[in-house]
Structures are given as C-alpha cells and as structure tokens.
Amino acid sequence: MITSSETIKLDESWKVALSSEFNKDYMHNLKAFLTQQKKLNKTIFPKGSEYFQALNLAPLDKVKVVILGQDPYHGPGQAHGLCFSVRPDIPVPPSLKNIFKEMKQDLNIDQPQHGCLIPWAQQGVLLLNSVLTVEQHKAGAHQGRGWELFTDQIILALNKAHDNLVFLLWGSYAQKKGAVIDRDRHLVLQSPHPSPLSAHRGFFGNDHFSQTNQYLEQYNKQPIDWQLPPSSEIHLGLL
C-alpha cells in the first residue's frame with residue numbers, strides 16, 4: 001500500500017527524486033481509493049510490494065532504456081510490476097509474443113519459452129506502466145485515479161537526470177504519455193502497439209531493438225542483451 005516516502009519500499013535514488021510526490025493531494029487520494037477497494041474485497045494486481053517493482057529493478061542512475069506500457073495485466077498471477085512482463089510460469093501474453101517475434105526478426109534472437117523480463121530491467125530497461133495497479137478482470141479500472149500524474153513525474157525525473165536515453169513508445173497511448181520527453185537529448189522510437197490488433201501495421205519491422213543498441217553504443221553505453229536466459233536462471237527472489 002502507498003504510505004509515505006519514508007516507509008515505502010522504493011529504491012533510494014527514486015525515493016529522493018520522487019519524495020515530494022507522496023505528500024501531494026493526488027497521491028493521498030490514490031491511497032484512499034486503493035484502501036477503499038481493498039475494504040470492498042476487490043482483488044488488485046500486482047500485490048502491494050510490487051507496485052514499484054519497475055523502479056526498484058532499474059534505479060534512476062542505472063536507466064538506459066524506457067519502455068512505456070499502459071496498465072498491468074488483469075488476469076490472476078500475471079502482473080508483477082513490469083510492463084509487458086509475466087512470471088516465468090505464466091503463459092506468454094499475445095503482445096509479448098509479438099515483441100519476441102520482432103526481436104527474432106530484428107536480431108535473430110530465438111524466442112524465449114517464458115515472458116519474464118526481469119533480466120532486461122536489471123540491465124537498465126525501465127519497464128514502466130502509466131498506471132501501476134488494476135482490478136482483477138477489469139482492464140483500465142484504475143485509470144484516472146492519480147497514477148498517471150506520478151508516472152509523468154518519473155519521466156520528468158529521467159529527463160532531468162540523464163542524457164541519451166532511449167524511449168520505446170509503442171501505440172498511441174504510450175506516444176501521448178511520451179509527449180514530455182526532451183527529444184533533443186534522448187532518442188524516441190515510435191511504432192504501433194505490439195497487440196495482435198495492431199502489430200501488423202508497423203510494429204513488425206520497426207527494428208527498435210537494434211536501433212536502441214546502436215544508439216547506446218554511439219554514446220559509449222553498454223548495449224542491452226535482449227536474449228532472455230532460461231527461466232531457471234532468473235532470480236525468483238525478485239518475483
């Protein structure tokens with residue numbers, strides 16, 4: 001549950017950058033809303049300790065790439081705090097399957113047998129949803145409750161702290177969310193969403209993974225190893 005910047009489980013670098021947000025009215029209102037939903041016995045994903053998983057796995061000073069999502073998966077066991085990612089024992093969702101297909105086409109990387117993207121996060125890929133919670137089986141149920149304001153501040157903090165980040169904006173929602181990015185200082189790559197409804201309109205063939213690594217190398221940053229290891233090699237203590 002959201003409490004305050006002093007007690008919340010949040011990486012120190014992000015806590016310093018975002019501490020003032022926890023005292024604002026919108027965050028108090030968001031906390032009250034989530035508390036009410038729990039009192040009504042609503043099932044909320046992900047669990048409270050994972051609300052800020054994306055930030056904890058990719059500290060502010062380590063971020064190199066940002067992938068923007070919309071809101072968490074709303075099926076049981078799927079969401080664990082990283083956009084597009086699921087735990088290793090959960091079937092790979094359709095959009096993530098298409099992401100893996102594009103990786104194969106772009107980088108000739110074999111498609112993984114699981115959908116856990118923790119290894120990307122550990123390399124500095126911030127897998128950020130715009131809305132950090134959702135009600136079970138109700139997509140978008142927590143939109144407009146304040147999370148969007150908070151995640152806007154995350155993007156602004158990245159703008160302030162870094163040069164030469166790569167932002168991957170897939171779909172109109174992410175592109176609207178990314179309007180605040182300083183495109184003179186960062187690389188912004190846009191395409192349709194990887195959803196089966198839109199992937200064939202330009203997500204496939206966007207070459208975003210190779211373009212990302214070329215840009216990082218251009219600025220003397222370690223490229224991302226997009227090849228996911230077997231699920232047995234992923235540190236499950238983080239899940």
**Student:** Which pairs count as side chain to side chain donor-acceptor pair (under 3.5 Å) when at least one residue sits in residues 107-119, sequence neighbours excluded?
**Tutor:** Lys104-Asn108, Lys104-Asp110

**Student:** Donor-acceptor pairs under 3.5 angstrom involving side-chain atoms of residues 63-71: please list them, not counting sequence neighbours.
**Tutor:**
residue : atom : partner : partner atom : Å
Lys64   : NZ   : Gln222  : O            : 2.7
Asp71   : OD2  : Gly140  : N            : 2.7

**Student:** Using modelled atom types only, decide if a donor and an acceptor are shared between the side chain of Tyr73 and the backbone of Phe84 within a distance under 3.5 Å.
**Tutor:** yes

**Student:** Tell me whether Lys42 at atom NZ has more than 12 heavy atoms from other residues, nucleotides or ligands lying less than 6.0 Å away.
**Tutor:** yes

**Student:** Do Lys177 and Glu148 make a side-chain contact, defined as non-hydrogen atoms from C-beta onward lying under 4.5 Å apart?
**Tutor:** yes

**Student:** Side-chain contact test, heavy atoms from C-beta onward, threshold under 4.5 Å: evaluate it for Pro223 versus Gln214 and give yes or no.
**Tutor:** no

**Student:** Below 4.5 Å, heavy atoms only, C-beta onward: do Pro229 and Ile234 meet side chain to side chain?
**Tutor:** yes

**Student:** Looking at side-chain heavy atoms only, is the closest gap between Asn129 and Trp147 below 4.5 Å?
**Tutor:** no

**Student:** Connecting only ILVMFWY residues whose side-chain heavy atoms lie within less than 4.5 Å of each other, what is the rest of Leu40's hydrophobic cluster?
**Tutor:** none

**Student:** Please answer: with hydrophobic residues joined when any side-chain heavy atoms are less than 4.5 Å apart, are Leu60 and Leu128 in the same cluster?
**Tutor:** yes

**Student:** Would you check if Cys116 and Leu228 make a side-chain contact, meaning some heavy-atom pair closer than 4.5 Å?
**Tutor:** no

**Student:** Indicate yes or no for a side-chain donor-acceptor contact from Asp106 to the backbone of Ser210 under 3.5 Å, with no hydrogens or angles considered.
**Tutor:** yes

**Student:** Going from CD1 on Ile181 to CG on Leu165, what distance comes out if it is rounded to the nearest 0.5 angstrom?
**Tutor:** 9.0 Å

**Student:** Enumerate donor-acceptor pairs with a distance under 3.5 Å from any side-chain N or O in residues 198-206 to protein atoms, sequence neighbours excluded.
**Tutor:**
residue : atom : partner : partner atom : Å
Ser198  : OG   : His193  : O            : 2.8
Arg201  : NH2  : Leu197  : O            : 3.1
Asn206  : OD1  : His208  : N            : 2.9
Asn206  : ND2  : Ser191  : OG           : 3.1
Asn206  : ND2  : Phe203  : O            : 3.1

**Student:** Keeping the roles fixed (side chain from Gln123, backbone from Pro119), state whether a donor-acceptor pair exists under 3.5 Å.
**Tutor:** yes

**Student:** Hey, are the side chains of Lys31 and Thr35 touching, using non-hydrogen atoms and a 4.5 Å cut-off?
**Tutor:** yes

**Student:** Which heavy atom of Asn23 sits nearest a heavy atom of Ser19, and at what distance?
**Tutor:** ND2-O, 4.0 Å

**Student:** Is Phe45 reachable from Val131 through a run of I, L, V, M, F, W or Y residues, each pair having side-chain heavy atoms under 4.5 Å apart?
**Tutor:** no

**Student:** Answer with yes or no whether the hydrophobic clustering places Leu18 together with Val180; edges join I, L, V, M, F, W, Y residues whose side-chain heavy atoms lie under 4.5 Å apart.
**Tutor:** yes

**Student:** Between Tyr219 and Tyr215, how do the two ring planes meet: parallel, tilted or perpendicular, split at 30° and 60°?
**Tutor:** tilted

**Student:** Report yes if the distance between the aromatic ring centroids of Tyr26 and Phe33 is under 6.0 Å, otherwise no.
**Tutor:** no

**Student:** Taking atom CG of Leu55 and atom CG of Leu82, what is their separation to the nearest 0.5 Å?
**Tutor:** 10.0 Å

**Student:** Can you confirm whether more than 12 heavy atoms, excluding those of Lys138, are under 6.0 Å from its NZ atom?
**Tutor:** no

**Student:** In chain order, what residues pass the side chain to side chain donor-acceptor pair (under 3.5 Å) check against Asn213, with sequence neighbours excluded?
**Tutor:** none

**Student:** Whether the side chain of Lys221 engages the backbone of Asn164 through a donor-acceptor N/O pair (distance < 3.5 Å, no angle test) should be reported.
**Tutor:** yes

**Student:** Side chains of Gln53 and Leu127: closer than 4.5 Å at any heavy-atom pair?
**Tutor:** no

**Student:** What is the distance from atom CD of Glu50 to atom NZ of Lys9, rounded to the nearest 0.5 Å?
**Tutor:** 8.0 Å

**Student:** Tell me, with the steps shown, if Val125 and Leu117 meet side chain to side chain contact (heavy atoms under 4.5 Å, CB included).
**Tutor:** CA-CA 9 Å; Val125 180; Leu117 305 182; over 6 Å; no

**Student:** List the steps and the verdict of side chain to side chain contact (heavy atoms under 4.5 Å, CB included) for Ile118 and His80.
**Tutor:** CA-CA 10 Å; Ile118 282 178; His80 66 116; 4.1 Å; yes

**Student:** Got a second to check how far Glu21's CD is from Asp152's CG, nearest 0.5 Å?
**Tutor:** 9.5 Å

**Student:** With Asp25, which residues qualify under side chain to side chain donor-acceptor pair (under 3.5 Å), at least two apart?
**Tutor:** none

**Student:** What are the two closest non-hydrogen atoms of Arg87 and Ala79, and how far apart are they?
**Tutor:** NH1-O, 3.2 Å

**Student:** Is it possible for you to say whether Phe52 and Ile44 belong to one hydrophobic cluster, with membership spreading through side-chain heavy-atom contacts below 4.5 Å?
**Tutor:** yes

**Student:** Using modelled atom types and a 3.5 Å cut-off, is there a donor and acceptor pairing between side-chain atoms of Glu102 and backbone atoms of Asp207?
**Tutor:** yes

**Student:** To the nearest 0.5 Å, tell me how far Trp120 CH2 sits from Leu57 CG.
**Tutor:** 14.0 Å

**Student:** Rounded to the nearest 0.5 Å, how far does CH2 of Trp14 lie from CD1 of Ile154?
**Tutor:** 5.5 Å

**Student:** Ignoring hydrogens, what is the shortest heavy-atom contact between Gln211 and Leu189? Give both atom names and the distance.
**Tutor:** OE1-CD2, 3.4 Å

**Student:** Counting only heavy atoms not in Lys62, do more than 12 sit closer than 6.0 Å to its NZ atom?
**Tutor:** no

**Student:** Between Arg183 and Val188 (side chain of the first, backbone of the second, donor and acceptor by atom type, cut-off under 3.5 Å), is there such a pair?
**Tutor:** no

**Student:** Between Arg145 and Glu135, is there a side-chain N and carboxylate O pair less than 4.0 Å apart?
**Tutor:** no

**Student:** Is it true that Trp170 and Val166 fall in one hydrophobic cluster, defined by side-chain heavy atoms closer than 4.5 Å?
**Tutor:** yes

